[in-house]
Amino acid sequence: MIGRVQPSPVPAAAAVDEAPGAAGMPRDPWALEEVGVLARETLGERVTAELRALLVAGRLAPGEKLSLRRVAEALGVSMMPVREAVSRLAADGALEVLPGRAVRVPVLTLAQFRELTRLRLVVEGFAAEEAARKATPDQLARIAAHEAAFRQAASAEAPDSAGAVAANRDLHFALYEAAGMPSLVEMIERLWLKAGPILNLDMRHEPRRLKGGRAMQEHEKLLTALRRGDASAARAALEADIGAAAAHIEQTGQLKESD
């Protein structure tokens with residue numbers, strides 16, 4: 001017969017608080033000691049979020065070097081959370097650390113850009129289909145507002161490149177959020193971290209491509225498809241938008257042939 005197992009004595013260092021926690025369970029005092037660590041992690045996450053937003057928006061150009069000290073000064077933080085943010089973004093392939101600890105935005109090769117484009121067509125196309133099926137009236141109104149902002153910026157007598165870039169990003173991510181899949185949005189953001197600098201740099205430096213261009217036409221088709229709940233048409237419009245931009249970038253010769 002198996003004897004009854006006696007409970008082991010609780011070490012003094014691991015003793016629990018007598019005050020009950022959730023569901024009447026004793027509260028572990030060591031959890032309280034982690035508050036400081038969580039605060040530091042939160043600061044690193046905030047710096048990461050700021051840098052991610054700049055990359056996705058194309059505010060940092062391919063090949064541009066970053067001064068960690070300048071980033072720290074601009075955000076009013078120490079070097080530690082900046083280094084933490086750079087490590088996270090380097091792990092995602094959004095930044096690269098060069099010899100001597102220099103940090104820069106990667107310069108994509110033609111093969112890398114084509115791979116990213118193929119992945120975007122699959123993943124973002126799927127998100128457009130889901131958005132067409134699930135978007136609420138409020139979400140459709142938000143997407144329509146971003147589409148109108150893009151059209152206004154792009155069709156002005158002197159196209160507002162910065163405004164068009166911001167509206168384009170907001171339109172796309174409002175669309176992806178309407179799919180109702182947070183993990184999917186995270187996947188798409190990782191793709192934009194790598195593709196965003198070259199995509200948005202191109203749009204920012206080529207205002208002639210905005211006025212009456214393909215993006216405006218495909219955005220209008222996309223919005224029409226979403227309002228009809230037509231998943232296949234929404235996907236087709238988004239794929240056409242991505243494909244046209246990618247083809248133009250390849251034609252400009254801004255991509256490296258190889259490493």
Side-chain angles (χ1 to χ4, degrees), residues 52-58 60-63 88-96 104-134 143 147 150 164-165 168-206 209-210 213-223 225-226 230-259:
R52 287 170 76 94
L54 291 175
L55 288 162
V56 169
L60 298 175
R88 291 179 179 178
L89 292 168
D92 282 339
L95 292 175
E96 58 184 2
R104 75 171 183 180
V105 181
V107 179
L108 296 178
T109 65
L110 182 60
Q112 289 170 332
F113 180 73
R114 286 176 174 172
E115 179 183 7
L116 276 175
T117 299
R118 291 181 66 186
L119 289 172
R120 290 186 63 213
L121 289 170
V122 173
V123 179
E124 295 176 44
F126 171 70
E129 288 181 327
E130 291 299 301
R133 297 185 180 106
K134 300 177 181 176
I143 295 168
E147 189 272 338
F150 179 85
V165 166
N168 181 68
R169 176 200 60 216
D170 293 343
L171 186 158
H172 277 262
F173 279 92
L175 169 71
Y176 305 144
E177 287 165 6
M181 297 182 176
S183 296
L184 181 62
V185 176
E186 289 178 8
M187 291 172 62
I188 293 171
E189 186 181 57
R190 288 192 180 95
L191 294 174
W192 274 60
L193 280 173
K194 297 179 180 180
I198 185 68
L199 290 173
N200 290 320
L201 179 68
D202 173 70
M203 186 178 289
R204 195 179 295 273
H205 288 183
E206 287 285 344
R209 194 165 66 86
L210 291 173
R214 191 70 182 275
M216 192 186 303
Q217 298 170 22
E218 300 306 335
H219 288 172
E220 186 176 358
K221 292 178 183 178
L222 173 63
L223 184 57
L226 293 172
D230 189 334
S232 60
R235 179 171 196 139
L238 186 73
E239 288 180 342
D241 183 27
I242 293 173
H248 177 78
I249 289 169
E250 288 196 23
Q251 291 170 4
T252 64
Q254 300 180 65
L255 302 166
K256 299 189 301 181
E257 287 295 330
S258 61
D259 288 323

### Minimum-distance pair of heavy atoms, taken over all atoms of F150 and A164
CD1-O, 3.3 Å
### Message
As an exercise, state the distance from OG1 of T117 to CG of L199, rounded to the nearest 0.5 Å.
### Response
7.0 Å
### Query
If you measure from NE2 on H219 to CD on E147, what distance do you get to the nearest 0.5 Å?
8.0 Å
### Task
State, with a plain yes or no, whether a side-chain heavy atom of L175 is found less than 4.5 Å away from one of L238.
yes
### Message
Just to verify, what does E96 make a salt bridge (Lys or Arg N to Asp or Glu O under 4.0 Å) with, not counting sequence neighbours?
### Response
R104
Which atom pairs, one a donor and one an acceptor, fall under 3.5 Å between side chains of residues 177-191 and the rest of the protein, sequence neighbours left out?
from	atom 1	to	atom 2	distance (Å)
E189	OE1	R52	NE	3.3
E189	OE1	R52	NH2	2.5

### Message
Within this structure, what is the CD-CG distance for the pair E129 and D230, rounded to the nearest 0.5 Å?
### Response
10.0 Å
### Message
For a 4.5 angstrom cut-off between non-hydrogen side-chain atoms, does I249 reach I198?
### Response
yes
### Query
What pair of heavy atoms forms the shortest contact from L95 to P106, and how long is it?
CA-CD, 3.8 Å
### Atom pair OH/CD1 of Y176 and I143 - distance to nearest 0.5 Å
10.5 Å
#### Entry: Within-4.5 Å side-chain heavy-atom neighbours: N168 and H172
yes
### Task
Kindly give the heavy-atom pair with the smallest separation between A94 and L55, and that separation in Å.
CB-CD1, 3.9 Å
#### Entry: Residues R133 and E130 bridged, charged N to O under 4.0 Å
yes
### Task
Name all residues meeting the salt bridge (Lys or Arg N to Asp or Glu O under 4.0 Å) criterion together with R114; count only those two or more places apart in sequence or in a different chain, and write none if there are none.
E250
### Message
Would F113 and K194 count as a side chain to side chain contact (heavy atoms under 4.5 Å, CB included) here? Give the steps.
### Response
CA-CA 9 Å; F113 180 73; K194 297 179 180 180; over 6 Å; no
### Message
Please report the interatomic distance CG(L60) to CG(L54), rounded to the nearest 0.5 Å.
### Response
5.0 Å
